[in-house]
Amino acid sequence: MSFNHRFGAVLACAVFLTLQGCAHYPVNEPLSPGQTTTPYRFNPQANSNNTDSLFVCLAFSGGGTRAAALSYGVLEKLKATRITWKGAEKSLLDEVDCISSISGGSFTAAYYGLFGDRIFQEFRDRFLDVNVQSTLIRQLFNPVNWVRLASPYFSRIDLAAEYYNDHVFEGKTFASLAEPSRRPFVILNATNMVNGERFEFTQEQFDFLVSDLNSYPVARAVAASSAFPFLLSPITLKNYPHTNFVLPKDYDMGLGDYDDNRRRYYWAKNRAIYMDDTKLPYLHLMDGGLADNIGLRPIEAAYRRTSGFIRKLMNEGKIEKFVVIVVNAHTIDTDEISDDESPPGLFTVASKTATIAMENYSVETIETMKELRTERVKAQKNIAACQKKLDQCPGATPLPKFATAIDPYVIEVNFEALKDPVRRNLFLSLPTSFSLTKEQVQTLVDVGPQLLEESPDYKDFIQELTAP
Amino acid sequence: MEYLLVHFPRSRRVLIDDEFNGRTEEVIELEAGRHMVSLGPPYDNYTPDQYTIILKDTSELEPREVSFELQS
């Protein structure tokens, strides 16, 4: 080999190593003591057009573009539904206070949270009708990306997050979601690979990493929420030193609750792992569906937990009607494993092991939320019934009551509710991917409103809302 | 869910685990377990300063009751 050839090879190696060394995912920033921006937490001061008295939460499930399109269709329906509440005429969408989302549903949730009604003009062209999957695959064939992907600090998910950041979310960070008085409060969910715990992109969760969420790109949170096992790599976050970290009282109390409230104890214990920042300097997040594939758990926690933002508003007497709409894009996997006598291969077993449990607890979660609703209604009825009896006793002291009697609803949008078996099977067999045809997207956008309108719980809610 | 009733001679906001979470003389619905119960401002006219309680086995008709006295 001549000198020139050797020099060229050395130069190429040097350029390769330099580029490789440069490629690094954007690291979440530490919390600064003098932070002046509004942190991304639920803001109890609603915008003037969105009351607390009608409190509406949406849960958007995972399921790729299928889930994103179904939830988009439901948003369109809520936008078109005109209501009169407390004397003001508005759309039902104006009353949406929180959205919790997983994976594909996180694209719709984050877009609406950031851009509001612009979603109805832009989202289809920017995301739903785009073959995101092939765009991401094409990026893998770009030689520049080969070099970047050779870095141990840059992987496929970072390429995907860059695409979402540049082409979908306009480079916005959580500071845009945290603008004062902005509703809805959007909770994007991923899963912590260490303990399988749900990881929320909220400042409350980032406090335990001593990190500032406001400076973090929304696109990376959405990428973490939709980092489907095997197809995409995890998103990495840095856990900063916990010097001067003040423990929330709730956490302190929860650690003593092993005998009295196991849920709260394990919540506190799962937070405790972040406190040991020398043992856990980094965490790696995967698809939110691994912990909860319908996105309802954060809403259930906000309702059930003493420190939950819904619970506090309820006890303060601010909520009169509480509505949860679960948009569940669940499908049924075509079973090909059972066709063969020989057991499935290593890849199939690994893939199934990682994803088979994703739907296991969805039904249970919805039923738990319904039971909480029933429990509250029964408690209110019991107090009212006993008071009625007491009213017959002269001089009896009135019973203490709740701050307000709440009218709660849990509504589910689910393909299973379609009465026509052919249509039902058509939707239930749609794939989970980021590449659906425009026709498939349109049918999903159309079926969301239909399923919502036909839901008996939604009918009850609308009837009660419009009753004189 | 568990239930708490806080007595005080005046209507006052209630602090549970350092956060506002209901008012005195109203049934407050909470999760089970340990809670620190105190009152909202003014902070210098009631006694005791706080209670640490364990909420369990209550009902809406038989809530756990705690009382604060007015201190002049």
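Per chain, numbering begins at 1; letters A, B, ... match sequence-line order.
Side-chain atoms of B:Arg34 never come within 3.5 Å of backbone atoms of A:Asp260 as a donor-acceptor pair (strictly under, hydrogens ignored). Between the side chain of B:Asp17 and the backbone N or O of A:Asp250, no donor-acceptor pair lies under 3.5 Å.
Side chains of A:Glu316 and B:Asn21: a donor-acceptor N/O pair is absent below 3.5 angstrom, by distance only.
With rounding to the nearest 0.5 angstrom, the OG atom of B:Ser38 is 10.5 Å from the NZ atom of A:Lys249. Note that the CD atom of B:Glu19 and the CZ atom of A:Phe309 stand 12.5 Å from one another [nearest 0.5 Å]. Here the CE atom belonging to B:Met1 is positioned 7.0 Å from the CG atom belonging to A:Leu372, to the nearest 0.5 angstrom. Taken from CG in A:Asn315 to CD in B:Glu26, the straight-line distance is 9.0 Å, to the nearest 0.5 Å.
Counting non-hydrogen atoms of neighbouring residues, nucleotides and ligands closer than 6.0 angstrom, the CZ atom of B:Arg10 reaches no more than 12 such neighbours. Remark: B:Gln71 CD is packed, more than 12 non-hydrogen atoms of other residues, nucleotides or ligands lying under 6.0 Å away. Counting non-hydrogen atoms of other residues, nucleotides and ligands closer than 6.0 Å to CZ of A:Arg41 gives a total above 12. Few gaps surround CZ on B:Phe20; more than 12 heavy atoms of other groups in view lie less than 6.0 Å from it.
Smallest separation of non-hydrogen atoms from B:Met36 and A:Met253: CB-CE, 3.5 Å.
If you measure heavy-atom distances from B:Leu5 to chain A, the contacts under 4.5 Å come from the side chain alone. Using a 4.5 Å cut-off between heavy atoms, B:Leu30 touches chain A through backbone and side chain atoms alike.
Counting only heavy atoms from C-beta outward, the side chains of A:Lys401 and B:Val27 never approach each other to under 4.5 Å.
Residues A:Arg311 and B:Glu29 are paired through a salt bridge, judged by an N-O separation under 4.0 Å between the basic side chain and the carboxylate. For B:Glu31 and A:Arg304, the salt-bridge test fails: no basic side-chain N is under 4.0 Å from an acidic carboxylate O.
Scanning residues 385-399 of chain A against chain B with a 4.5 Å non-hydrogen threshold yields A:Cys386, A:Leu399, sorted by number.
Among residues two or more places apart in sequence or in another chain, the salt bridge (Lys or Arg N to Asp or Glu O under 4.0 Å) test is passed with A:Glu412 by none.
With respect to chain B, the highest number of heavy-atom pairs below 4.5 Å among A:Arg376, A:Met314, A:Lys318 belongs to A:Arg376. Of the listed residues A:Asn382, A:Leu313, A:Asp257, A:Asp252, the one with more heavy-atom pairs under 4.5 angstrom with chain B than any other is A:Asp257.
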